[in-house]
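Both counts, for ligands and for their atoms, begin at 1 and track the order of listing.
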Amino acid sequence: MGAVSGRLRAPKGTHDLLPPDSERFAAVEATARRVFSSYGYGEIRTPTFESTELFARSVGETTDIVHKEMYTFPDRKGRSLTLRPENTAGVVRALVEAGIQEAPRPIRLWYAGSQFRYEQPQAGRYREFRQIGVELLGVGSAAGDAEVLIMLFAFLGELGFRDLVATLNCIPRGDARAAFSRALQEHVRPRASALGDEDRRRLEENPLRLYDSKDPEAAKILEGAPATLDFLDEGARAHHLRLQELLREAGVRFVESSAIVRGLDYYTLTVFEVASERLGAQNAILGGGRYDGLVESLGGQPTPAIGFAIGEDRLVAAMEADARSPRPVFFVIPGSPADVDYALAVSGAIRALAPGSVVETDLTARGFPKGLARAAAALEKPERYAFRASSVRAVLLGADEREGERVTVKDLATGSQRSFARTALGEELGAARDR
Ligand code: HAM
């Protein structure tokens, strides 16, 4: 055994979520559940690790994700497993396994959970990060794309985002995609000597992936490159135009850009991203698109599909509003240890009478001044508390209250204080709510 080393720390690129941050994430997830379920989407939970082959066959061998960002390890029997770098592949694998061809269509699913990518950590970029995602399977028309985007913007609107704009592109498919790739190669090849090894490999193996390059030289070369939108076949063009029409009708704001090709190989036709100016270099809050060939390539019946995933860490960082609902808060404070039993009984009574409120009993029983100081801090330093208070009241229970079966309630915001019989609690709390 080596020498005992220093303090244990969370692995590089991970971050702990403690209250109130964890509560903010939970509130965002609760909003996702509320909004998505109102469109008929049900939650899916797939394993955190999958066979390595799944990602190689879906996300694509030549993508950055599969090529150099996966957490891959052999299990004790030597099977190659990978911590999921994204969830679309796992969702499709699960549906094919469960017999997607028998299921009534369309299939509407959402998920929330950790994803893992071995990237260089920086603000907004982690090795374990959280995504909230949506997948709609079985709809090939632009109405499917529109539903997903409209629902996405409804969700973002609920969280207080008002001026986000989607960047939209359409990636050619089939022969048109091959022609686009060739045109891209022809444009880049004469300038390839300015590129690094990695980008030269991309150029030959999968030219679309040049758009994932972080090299400014590559970005410069791509500036005058052929545009995806000039290579669409007739059906693809009609799909793209119809989607834009539907988005305009629904009031979803978007701009077109040929430069959004997305770093995963399964995309066909529609792709989109949303960025926030409130974030730094890692400003993509979310990305998504259509993947009409993926179900079939993973062994299912041909099934068109579209979805997106939001980077929850970035979403929360970009949020101005607090997604937590404000709740009435009661600090129940015994005057001394002798009053703890009475305090526990009164706490229970308040929870029953005022559902949805937060009732904290001061179990330290160090007296009114200390208890009141903690209650005051809930108003003055709300960032220290798991909950978001709509009102803060201290319930003071000393020997007088205990012996007389009474309660004294002090409103911390106004300083007003009232004393009344315990039996009148319901009436008093109701009255306080109405005030
Ligand atoms: P993606 O663009 O790879 O797409 O990831 C979606 C979002 O996850 C990004 O826009 C970003 O906000 C967040 N994200 C990605 N990597 C990191 C990281 N290292 N740290 C923090 N946040 C990160 C997908 O994953 C697709 N599965 C989306 C999809 C669903 N397409 C169709 N259906």
Non-hydrogen atom of I285 closer than 4.0 Å to ligand 1 = yes

inquiry  = Test your reading of the model: is there a side-chain donor-acceptor pair from R127 to the backbone of E119, 3.5 Å cut-off?
reply    = yes

query = Nearest protein heavy-atom contact for atom 7 (C) of ligand 1: which residue, which atom, what distance?
reply = A309 O, 3.6 Å

task = Using only heavy-atom distances, determine whether the side chains of H240 and E256 contain a donor-acceptor pair under 3.5 Å.
result = yes

message = Heavy-atom count check: over 12 atoms from other residues, nucleotides or ligands less than 6.0 Å from Y39 OH?
response = yes

task = Start with the C-alpha distance between S114 and E128, add both sets of side-chain angles, then the distance that settles side-chain hydrogen bond (donor to acceptor under 3.5 Å, both in side chains), and finish with yes or no.
result = CA-CA 6 Å; S114 283; E128 178 177 11; 2.6 Å; yes

request  = For Y266, take its heavy atoms, then give the atoms of ligand 1 lying under 4.0 Å from any of them.
outcome  = 26 (C), 27 (N), 31 (N)

request  = For ligand 1, indicate whether the residue E135 contacts it via side chain, backbone, both or neither (heavy-atom separation under 4.0 Å).
outcome  = side chain

Under-4.0 Å heavy-atom contact with ligand 1, by part of R125 that carries it = both

task = Scan side-chain atoms only and decide if T364 and D362 contain a donor-acceptor pair under the 3.5 Å cut-off.
result = yes

Sole candidate of R202, R117, R209 that passes salt bridge (charged side-chain N to carboxylate O under 4.0 Å, His left out) when paired with D64 = R202

Q115 versus Y126, side-chain donor and acceptor atoms under 3.5 Å = no

query = So which heavy atom in the protein is nearest atom 12 (O) of ligand 1, and how far is it from that ligand atom?
reply = A284 O, 2.8 Å

query = Which of the atoms of ligand 1 are close to G288, meaning less than 4.0 Å from one of its heavy atoms?
reply = 31 (N)

query = With distance as the sole criterion, is a donor-acceptor pair present between the side chains of T88 and E135 under 3.5 Å?
reply = yes

task = For the pair N283 and S276, evaluate side-chain hydrogen bond (donor to acceptor under 3.5 Å, both in side chains) and give the outcome as yes or no after the intermediate values.
result = CA-CA 5 Å; N283 64 355; S276 165; over 6 Å; no

message = D265 vs T63, test: side-chain hydrogen bond (donor to acceptor under 3.5 Å, both in side chains). Steps then yes/no.
response = CA-CA 7 Å; D265 274 349; T63 59; 5.7 Å; no

query = Can you tell which part of Y267 has a heavy atom less than 4.0 Å from ligand 1: side chain, backbone, both or neither?
reply = side chain

query = Which atoms of ligand 1 are found less than 4.0 Å from any heavy atom of E119?
reply = 16 (N), 18 (C), 19 (N)

inquiry  = Yes or no: does G289 have any heavy atom under 4.0 Å from an atom of ligand 1?
reply    = yes

key: Test salt bridge (Lys or Arg N to Asp or Glu O under 4.0 Å) applied to D75 and K77, step by step   = CA-CA 5 Å; D75 74 1; K77 290 263 168 68; over 6 Å; no

inquiry  = For N87 and T46, which I'm curious about, is there any donor-acceptor pair between the side chains at under 3.5 Å?
reply    = yes

ask   = Relative to atom 25 (O) of ligand 1, which among Q131, Q282, E273, R314 owns the nearest non-hydrogen atom?
value = Q131

inquiry  = Out of F116, Y126, F129, who is nearest to atom 17 (C) of ligand 1 when you count heavy atoms only?
reply    = F129

request  = Examine ligand 1 and decide if any of its atoms is less than 4.0 Å from a heavy atom belonging to G263.
outcome  = no

task = Would you mind listing which atoms of ligand 1 come within a distance below 4.0 Å of any non-hydrogen atom of L264?
result = 3 (O), 4 (O)

task = Just need the protein heavy atom nearest to atom 21 (C) of ligand 1, so name the residue and atom and give the distance.
result = G124 O, 3.3 Å

request  = Please report which non-hydrogen protein atom sits nearest to atom 13 (C) of ligand 1, along with the residue it belongs to and the distance in Å to one decimal place.
outcome  = G311 CA, 3.5 Å

query = Under a heavy-atom criterion of less than 4.0 Å, does G13 contact ligand 1?
reply = no

task = Counting heavy atoms only, name the option from E86, R262, R290, Q115 that's nearest to atom 1 (P) of ligand 1.
result = R262

ask   = Quick one: nearest non-hydrogen protein atom to atom 30 (C) of ligand 1, plus distance?
value = T88 OG1, 3.0 Å

